[in-house]
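These notes are about the structure you will find just below.
In what follows, every heavy atom counts, from backbone to side chain, and hydrogens, waters and symmetry copies are set aside.
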Amino acid sequence: MNGFEIYKKMDDDVQAIYRSRLLTEILLSLNDGSKKLSQLREITGSTSQALIPKLRKLEADHLIETKGREYFLTPAGKIVASGIADSFVTFWTINKFKHFWLRHYLEGIPSPLLKEIGCLYESEVLKDRGMKILNVYNNQLKMLKEADHIYGISSVVTEVYADAISERVKEGVPVELIVPLHVAEELK
């Protein structure tokens with residue numbers, strides 16, 4: 001069964017969460033840890049009268065539970081809330097970098113990496129509007145030499161890049177790269 005078929009079978013439950021600002025906000029806020037009703041009122045800007053029916057629905061769906069005066073996610077609720085959070089981060093990332101995604105070939109990115117595209121939400125797209133083609137290269141080298149962590153994807157590497165990355169590794173800077181095998185051999 002594909003995603004659309006599952007959506008059609010589960011439409012009421014799924015749509016209820018996404019349609020209801022309060023249901024979504026409750027799940028997302030509890031995803032960060034348990035909360036009291038007063039905290040949920042503050043976070044959502046809603047009244048107890050508005051929140052309590054939503055909390056009861058989530059309890060009936062076995063997505064949240066109460067202990068004492070605190071609400072928290074059940075194990076199933078954690079999975080659902082995490083999926084909701086991931087979907088919002090993915091949408092945020094796509095919208096934030098809309099012009100980048102429209103101008104680049106994404107079909108070559110492996111599917112498992114596309115599913116994690118939301119991890120780029122705190123990234124930034126670097127551009128060099130100058131006419132000097134080496135400006136981008138030199139700026140990237142400068143950033144490598146000043147970075148407190150290095151995460152990247154590259155299909156090519158120059159000797160100078162490899163040396164800069166090697167120096168940063170020796171300095172204890174965390175480095176995570178996704179590269180083809182021939183580039184990994186060069187970096188090694």
(message) Nearest 0.5 Å, please: how far is CG in D32 from CD in Q39?
(response) 11.5 Å
(message) Under a 3.5 Å distance rule, please check whether K35 uses its side chain to pair with a backbone N or O of S29 as donor and acceptor.
(response) yes
(request) Could you tell me which non-hydrogen atom of L144 sits nearest to which non-hydrogen atom of A164, and how far apart they are? (result) CD1-CB, 4.2 Å
(message) Counting neighbours of CD on E124 that are heavy atoms of other residues, nucleotides or ligands and sit closer than 6.0 Å, is the number greater than 12?
(response) no
(message) Please check if the number of heavy atoms outside Y121 that lie under 6.0 Å from its OH is greater than 12.
(response) no
(message) Please determine whether residues L23 and I43 belong to a single hydrophobic cluster, defined as Ile, Leu, Val, Met, Phe, Trp and Tyr linked transitively by side-chain heavy-atom distances below 4.5 Å.
(response) no
(message) With a 3.5 Å distance limit and no angle check, can you tell me whether E146 reaches the backbone of M143 through a side-chain donor-acceptor pair?
(response) no
(message) Please tell me whether L120 and I178 are part of a single hydrophobic cluster in this structure, the criterion being side-chain heavy atoms less than 4.5 Å apart.
(response) yes
(request) Might you point out which heavy atoms bring A50 and L22 nearest each other, and give the distance in Å? (result) O-CD1, 3.7 Å
(message) Could you work out, with side chain to side chain donor-acceptor pair (under 3.5 Å) as the rule, every residue matching S82, not counting sequence neighbours?
(response) none
(message) Looking at K96, I want to see if its NZ is surrounded by more than 12 non-hydrogen atoms of other residues, nucleotides or ligands under 6.0 Å.
(response) yes
(request) Please answer whether the main-chain N or O of H99 pairs with a side-chain N or O of R103 as donor and acceptor at a distance below 3.5 Å. (result) yes
(message) Checking the side chain of T74 only, and the main-chain atoms of L63 only, is there a donor and an acceptor separated by less than 3.5 Å?
(response) yes
(request) Would you confirm whether S46, through its side chain, and L51, through its main-chain N or O, come within 3.5 Å as a donor-acceptor pair? (result) no
(message) Does W92 have more than 12 heavy atoms from other residues, nucleotides or ligands lying within 6.0 Å of its CH2?
(response) no
(message) With a 4.5 Å cut-off on side-chain heavy-atom distances among I, L, V, M, F, W and Y, is there a chain of contacts connecting L40 to F72?
(response) no
(message) Run the side chain to side chain donor-acceptor pair (under 3.5 Å) test against E65 and tell me which residues pass, sequence neighbours left out.
(response) none
(request) With sequence neighbours left out, write down each residue that passes side chain to side chain donor-acceptor pair (under 3.5 Å) with R41, or none if nothing qualifies. (result) S48
(message) Is any side-chain heavy atom of Y71 closer than 4.5 Å to one of I26?
(response) no
(message) Going by side chain to side chain donor-acceptor pair (under 3.5 Å), name the pairs with one or both residues in residues 162-173, residues two or more places apart or in two chains.
(response) R168-E171
(message) Evaluate I117 against V89 for side-chain contact (heavy atoms from CB on, under 4.5 Å), listing each step before the verdict.
(response) CA-CA 9 Å; I117 206 86; V89 170; over 6 Å; no
(request) For Y151, enumerate each residue passing the ring-ring contact (aromatic ring centres under 6.0 Å, His included) test, keeping only those at least two apart in sequence or located in another chain. (result) H149
(request) Evaluate side-chain contact (heavy atoms from CB on, under 4.5 Å) for N95 paired with K98, printing each intermediate quantity in order. (result) CA-CA 5 Å; N95 283 330; K98 192 177 295 183; 3.5 Å; yes
(request) With sequence neighbours left out, write down each residue that passes side chain to side chain donor-acceptor pair (under 3.5 Å) with T93, or none if nothing qualifies. (result) none
(message) Applying a strict under-4.5 Å side-chain criterion to I, L, V, M, F, W and Y, I'd like to know whether L73 and F88 cluster together.
(response) yes
(request) Evaluate the side-chain contact (heavy atoms from CB on, under 4.5 Å) criterion for residues I52 and L37: first the C-alpha distance (whole Å), next the side-chain angles of each, then the deciding distance (0.1 Å), finally the verdict. (result) CA-CA 8 Å; I52 290 172; L37 182 60; 4.2 Å; yes
